[in-house]
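Below: one structure, written as structure tokens.
Note on naming: letters A, B, ... go to the chains in the order of the sequence lines (proteins, then strands), and numbering restarts at 1 for each one. These numbers come from the heavy atoms of this one structure, side chains and all, not from hydrogens, waters or symmetry mates.
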There are 2 protein chains.
Amino acid sequence: MSESTRPMRRQDIRRENEKAILLAAEKVFAEAGFGGATMQLIADLAGLPKANLHYYFATKEELYRSVVQNIFEIWLQAANCFDAARGPVDGISAYIDAKMEISRRHPDGSKVWASEVMHGAPVLQDYMESTLREWTDGRVEIIRRWIEEGKMDPVDPRHLLYMLWATTQHYADFGHQIETLNGGKSLSDRQWREAKENIKRVILTGIGAQPA
Amino acid sequence: MSESTRPMRRQDIRRENEKAILLAAEKVFAEAGFGGATMQLIADLAGLPKANLHYYFATKEELYRSVVQNIFEIWLQAANCFDAARGPVDGISAYIDAKMEISRRHPDGSKVWASEVMHGAPVLQDYMESTLREWTDGRVEIIRRWIEEGKMDPVDPRHLLYMLWATTQHYADFGHQIETLNGGKSLSDRQWREAKENIKRVILTGIGAQPA
DNA sequence: CTGAAAGCTGACCATACGGTCAGGATGCAA
DNA sequence: TTGCATCCTGACCGTATGGTCAGCTTTCAG
């Protein structure tokens, strides 16, 4: 496998190692939290000597910051679903799908994000006060318009957003609990689909937007 | 204040100190996670020398375990709401109220609980596989009956429960984010009431149970 | 009053962790 | 080929942390 790609170019080396480190870090930070995570553990998981980590990321904080920012990017991308939509059914459905897909594909990242916020967002405070606030305000405005246009019931837009975040995020952050209650097995494709459908149905019905 | 109660009895001393330690520990564990928490920090917050902590709780793990179990008790008490109810409107309303009150009054405990589950429930695995599973199965059965009796739409009971947990828990775990988006201020009485009302309304409407 | 049990604590220890660094290996442009 | 920048790493260091302990003080039963 990796033997065939012997002559690695500098650029590739850097990219691959950073990727490996970030992936390992994401997992370790998710499992142990920032305080419980160890550079040694991350190094082992990435298959690199610890000193090499410090070559790419000067400090533990810097590495953590990179991991958190990565997830924030992904998180924000799911936002586009809202803008492209013409009504609550399209918009909210797409958003739920997107966020559930994140919970499924990036459970570790989701946990790191949750942990970051839970501990007072020491790294992301700036982002929350600028980017996130703007994004939220924009979405609130969209929802408000939908309400004015009679496309949904007059529900408080902010609490609706919180509900969307909470419900979707839960499948990542509390994945272990859900697995345990599912007989120790992770959710199947079908169960994930059912989860999405249930959430969409309850929320869309709940806000008085007729599901297509 | 404390000067007036000079002659403290042994029992009182023990109870008060354990209480102070547990309270401080809950806060520190919530803010820093298990790995980031320090016995020294907990001791300082409790106003006791560090060695005194180890007199009451032999190890950090034992102290943590106590904190987690405490919260689990509170969490389970909110369960009763479900049993006493005659239908989904009563039951789910009361449960949402109870869980929101926990999020409001015990945000630190909620965070510790969330953290514990996120990290794979190293301490609570047994409880989850026994007590929590039983509780959940029982509630699933109740919801199923409500559906059979035509009191609500046929929604998957498990995913409905997850939705209730997620939505209510969110106000504790992501309280910092909510505060930030609320202009840096914590939610007022009125805003908490609105939050509860919104959640109840969307979910009850969403499952086809007419709000009283 | 007395002695033992419970409560308390400063000083100490071993370990683990984040981070450093000198110096070797490797890719690459000229 | 040569020289240099990048990449790599074993060995090391200072510090912080969980935990211990000897000996002190306080409570209280008899």
Checklist entry - Does B:Ala51 or B:Thr38 map to a spot on DNA chain D nearer the 5' end, using the closest nucleotide for each? => result B:Thr38

Item to check | Any A:Tyr56 side-chain N or O less than 4.0 Å from OP1/OP2 of D:dC7 | outcome: no

Next on the checklist: Quick check: do B:Ile143 and B:Phe82 have side-chain heavy atoms less than 4.5 Å from each other?
Outcome noted: yes

Item to check | Which nucleotide in D:dT9, D:dC7, C:dT9 has an atom nearest any side-chain atom of A:Pro49 | outcome: D:dT9

Item to check | For atom CE of B:Met39 and atom P of C:dT9, their distance in whole Å | outcome: 15 Å

Checklist entry - With respect to the side chain of A:Asn52, which nucleotide from D:dC21, D:dT9, C:dG7 is positioned closest? => result D:dT9

Item to check | Salt-bridge present (B:Lys200, B:Glu197; N to O < 4.0 Å) | outcome: yes

Item to check | Interatomic distance, B:Phe29 CZ vs D:dG18 C1' [rounded to whole Å] | outcome: 12 Å

Checklist entry - Among D:dC21, C:dG19, D:dT9, which is the nearest nucleotide to the side chain of A:Tyr55? => result D:dT9

Next on the checklist: If I take atom CD in residue A:Gln40 and atom P in nucleotide C:dT15, what distance separates them, rounded to the nearest angstrom?
Outcome noted: 17 Å

Checklist outcome for this item: Per side chain to side chain donor-acceptor pair (under 3.5 Å), B:Glu101 is matched among B:Arg105, B:Arg104, B:Lys99 by B:Arg105

Checklist entry - Can you tell me how far the OG1 atom of A:Thr168 sits from the CE atom of A:Met163, to the nearest 0.5 Å? => result 11.5 Å

Checklist entry - Base, sugar-phosphate, or nothing for B:Ala37, non-hydrogen atoms under 4.0 angstrom? => result sugar-phosphate

Checklist entry - Can you find a side chain N or O atom of B:Arg14 that sits less than 4.0 Å from OP1 or OP2 on C:dG7? => result yes

Next on the checklist: What is the distance, to the nearest angstrom, from the NE2 atom on B:His54 to the P atom on D:dA22?
Outcome noted: 17 Å

Checklist entry - What is the nucleic acid contact for B:Phe57, judged by heavy atoms within less than 4.0 Å: base, sugar-phosphate only, or nothing? => result nothing

Checklist entry - Which whole-number value in Å describes the distance from B:Asp12 CG to C:dA6 C1'? => result 14 Å

Checklist entry - Across the strands shown, which category fits A:Glu61 at heavy-atom distances under 4.0 angstrom: base, sugar-phosphate, nothing? => result sugar-phosphate

Next on the checklist: Does A:Lys60 contact C:dG19 through a side-chain donor or acceptor facing the base, at a distance under 3.5 Å?
Outcome noted: no

Checklist entry - Ion pair present between A:Glu141 and A:Arg145, side-chain N to carboxylate O less than 4.0 angstrom? => result no

Checklist entry - Atom CG of B:Leu53 and atom P of C:dG10: how far apart are they, to the nearest Å? => result 13 Å

Item to check | Whole-Å distance separating the CD atom of B:Glu16 from the C1' atom of C:dC8 | outcome: 16 Å

Checklist entry - B:Asp44 has an atom CG; how far is it from atom P of D:dT17, in whole Å? => result 11 Å

Checklist entry - With respect to the side chain of B:Ile13, which nucleotide from C:dG7, D:dG19, D:dG10 is positioned closest? => result C:dG7

